[in-house]
Each structure stands twice: as C-alpha cells, then as structure tokens.
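Only one structure is covered here, and it is reproduced in the block below.
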Protein chains: 2
Amino acid sequence: MARPKAKELTERELEIMQVFCDHGELTPQDVRDRLAEAGRDLAYTTVATLVRILLEKGFVRQTTDERPFRYEPARSFDEVSNNLVNDLLSRVFGGSTEKLLVSLLDRKKLSKKERETLQRILDEQK
Amino acid sequence: MARPKAKELTERELEIMQVFCDHGELTPQDVRDRLAEAGRDLAYTTVATLVRILLEKGFVRQTTDERPFRYEPARSFDEVSNNLVNDLLSRVFGGSTEKLLVSLLDRKKLSKKERETLQRILDEQK
DNA sequence: TACGATTAAATCAAATTTGGTTATTTAGTT
DNA sequence: AACTAAATAACCAAATTTGATTTAATCGTA
C-alpha cells in the first residue's frame, strides 16, 4: 500500500519556502547560500530540485526565463503558516481553535508583552 | 541520502494514540474497531504493528502478558499534543508563541464563549 | 561571424531510509 | 485440529539528497 503524500509542505520544503518569504526574489544558488548560513548545508542540486518542487506545487513562481532562473514566493507566509496550523488543528485538536489556545495558555506563563498583545486583540474583538 | 525520521508522532501513530487517550486500556483489535468507527478502516495487522511501534517509542505500555495483550497510554494527551505544538512552533514560527497566538487570533473572530475563556485565563496570569 | 572551449546552471537518474500497509508465519489457547 | 492473536517479512510510494549528464551562455580565437 502506497504511503500517502504529505498534505502540507514537508520540513525541507518549508525551510526553503521560508527563505523565499524572508528575501523575496532569489536564484536557487541564493537559496542554497541562505540555507547554509542558517546551518543547513545542502548541495546546489538538492536545493534546485526542491525549488522546482515548490514551483510545481505552486508555492513559488519563476520570474525570468534566462539563466540563472529567479523565483519569488507565489504565496504569503501567512497563507503557508495558516495551512500548517490548520493541519495541526484538525489532526490534534479536532479543528478546535479554542482547544489549541487553551493548550498554549495553560502551559506557560505568558510574558507581559504577550499578555498585552493578546489583551489588545481580545479588546478589538469586543 | 536517507529520508529523515519523523521527530514527532506520525499521522497514523497519532490517530492510534488518540484512541488510547480516549478509551484507556485496549487491545489492538479494540483499537482497530475504534478506528474503523471513525472512518479509518485498517487491517488488524496494520494496527497491531503501529501499536507495537508506539510501545517501542514509549507512548503506550503493555498491561498484560496474556493474550490478547492489552495496552494503555504511557503519556497524556496533553503531553503528546504539546510536543506536536512545540514542533510546529519551532518549524514555522521560530519558537514564538506570540506569533502563533497572533496568527490564530487574526484569522477568525472568536465566539463570545471563546473570548471569555481566554479573558479568564489572561486574568489568572496577572 | 563562426566555432570551440569553458563555465555555470538546469535536468535527470538513482540511492537510501521512512511511513503506511498487509499477507504470511509463528505462537498460544481451547 | 481449529481458531485467535502476535510477530515477521515484504511491498510500495514518499521524502531527501546528490552525482552525473545535459543544456545554455559566455568568452576567446581565427
């Protein structure tokens, strides 16, 4: 029986997507360098392959037809992260945002800044 | 080059762990039946294998030496879900709870009940 | 201008381990 | 012996990685 394809970005795909979201338009070589700086030392061909996969999945778009090809994000980081959060919500919390929120708030004392941020958002929703 | 091992419970492992957390002590056949009720119809051997994997990883413990073997959770659902949330936090939000909170709260208007729950927890942290 | 050499980048093919699944074999019980 | 449950072996696709090969671009020379 075949193993199901990941519904969301895999770990390595996400790392590369984050580089694009942080920097905008990049060549695969640029991406490779950024990853290396962040401690993930991959061969150029590895990165180029993963960028192509992201292209095929519609997460990045190609901006030039000349070499070196350049790519930029086709989806915002918000969209990407929201999908991943949704995935967690459905798998772990049965879709309940409240359960996740309670889980977050119950396990660690929030910093003053965090409490203020949360309070502000709560106030905005009244 | 090898495909890396999942850092946390895989999707199928999590489903089975959730059955144990919901019901307590179970045989693999029990688990299979519960999963089938929930729409995941797997062969007995599939479920038994995954239960064994959970045992080896320390998520369940065996409670009997006679057949049919019975198992119960060795970790709470809170612990399991916290690990998965931590994984998401580090992969997607650089470890920042605040970023996840903002992401959650920005995308959907909370119900009155949800706001009250959050407000209460906030107040308890002052 | 044309052609060959060189270099950089893209593409392709393959290797390896994992996750998911299940039939088959083994072991235990009646 | 028959039946049930556990353990094992095997299959398949996915994820990750990268070297080999191909392609494209550029440069130097005639």
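The chains referred to below are lettered A, B, ... by the order of the sequence lines, with proteins before strands, and numbering in each begins at 1.
The side-chain hydrogen bond (donor to acceptor under 3.5 Å, both in side chains) pairs that include a residue from residues 35-52 of chain B are Glu15(B)-Arg40(B), Arg32(B)-Asp41(B), Arg34(B)-Glu37(B), where partners are two or more places apart or lie in different chains.
Of the charged side-chain nitrogens involved, none lies within less than 4.0 Å of a carboxylate oxygen, so that Arg120(A) and Glu116(A) do not count as a salt-bridged pair.
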Review item, side-chain donor-acceptor pairs of residues 98-106 of chain A, under 3.5 Å, at least two apart:
unit_1: Glu98(A); atom_1: OE2; unit_2: Thr117(B); atom_2: OG1; d: 3.4
unit_1: Ser103(A); atom_1: OG; unit_2: Asn82(B); atom_2: OD1; d: 3.3

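One interatomic measurement links the two molecules: CG of Asp30(B) to P of dA5(D), which rounds to 10 Å at whole-angstrom precision. Going from atom CG of Asp41(A) over to atom P of dT16(D) covers 17 Å, rounded to whole Å. Note: CD (Glu11(A)) to C1' (dG19(C)) measures 15 Å, nearest angstrom. Taking atom CZ of residue Arg12(A) and atom P of nucleotide dT18(C), one finds them 14 Å apart after rounding to whole Å. Per the geometry, CG belonging to Asp65(A) stands 14 Å off C1' belonging to dA9(C), to the nearest Å. Regarding Ile16(B), its CD1 atom lies at a distance of 14 Å from the P atom of dG19(C), rounded to whole Å. The separation between Arg3(B) atom CZ and dA15(D) atom C1' is 4 Å, rounded to whole Å. In this structure, the NZ atom of Lys5(B) is 17 Å from the P atom of dA15(D), given to the nearest Å.
Between the side chains of Gln18(A) and Asp22(A), no donor-acceptor pair of N or O atoms lies under 3.5 Å. One side chain, Asp123(B) or Gln119(B), offers a donor N or O that lies under 3.5 Å from an acceptor on the other.
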Set out, line by line, the N/O atom pairs under 3.5 Å between protein and nucleotides 6-8 of chain D.
unit_1: dA6(D); atom_1: OP1; unit_2: Phe69(B); atom_2: N; d: 2.5
unit_1: dA6(D); atom_1: OP2; unit_2: Tyr44(B); atom_2: OH; d: 2.1
unit_1: dA6(D); atom_1: O4'; unit_2: Arg67(B); atom_2: NH1; d: 3.4
unit_1: dA6(D); atom_1: O4'; unit_2: Arg67(B); atom_2: NH2; d: 3.4
unit_1: dA7(D); atom_1: OP1; unit_2: Arg52(B); atom_2: NH2; d: 2.7
unit_1: dA7(D); atom_1: OP2; unit_2: Arg52(B); atom_2: NE; d: 3.0
unit_1: dA7(D); atom_1: OP2; unit_2: Arg52(B); atom_2: NH2; d: 2.5

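Near DNA chain D, meaning a heavy atom under 4.0 Å from it, residues 83-90 of chain B has no residue at all.
Checked against side chain to side chain donor-acceptor pair (under 3.5 Å), Glu114(A) has the following partners two or more places apart in sequence or in another chain: Ser111(A). Take Asn86(A) and apply the side chain to side chain donor-acceptor pair (under 3.5 Å) test, not counting sequence neighbours, and it matches Arg107(B).
The shortest non-hydrogen separation linking Phe69(A) to Pro28(A) is O-CD, 3.5 Å.
Counting non-hydrogen atoms under 4.0 angstrom, Thr46(A) reaches a base of the nucleic acid.
Closest to the Ala43(A) side chain, of the nucleotides dT21(C), dT18(C), dT18(D), is dT18(D).
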Applying side-chain contact (heavy atoms from CB on, under 4.5 Å), run through Phe77(A) and Val92(B) and close with a yes or a no. CA-CA 9 Å; Phe77(A) 186 71; Val92(B) 181; 3.9 Å; yes
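Projected onto DNA chain C by closest heavy-atom contact, Lys57(B) and Val47(B) fall at different nucleotides, the more 5' of which corresponds to Lys57(B).
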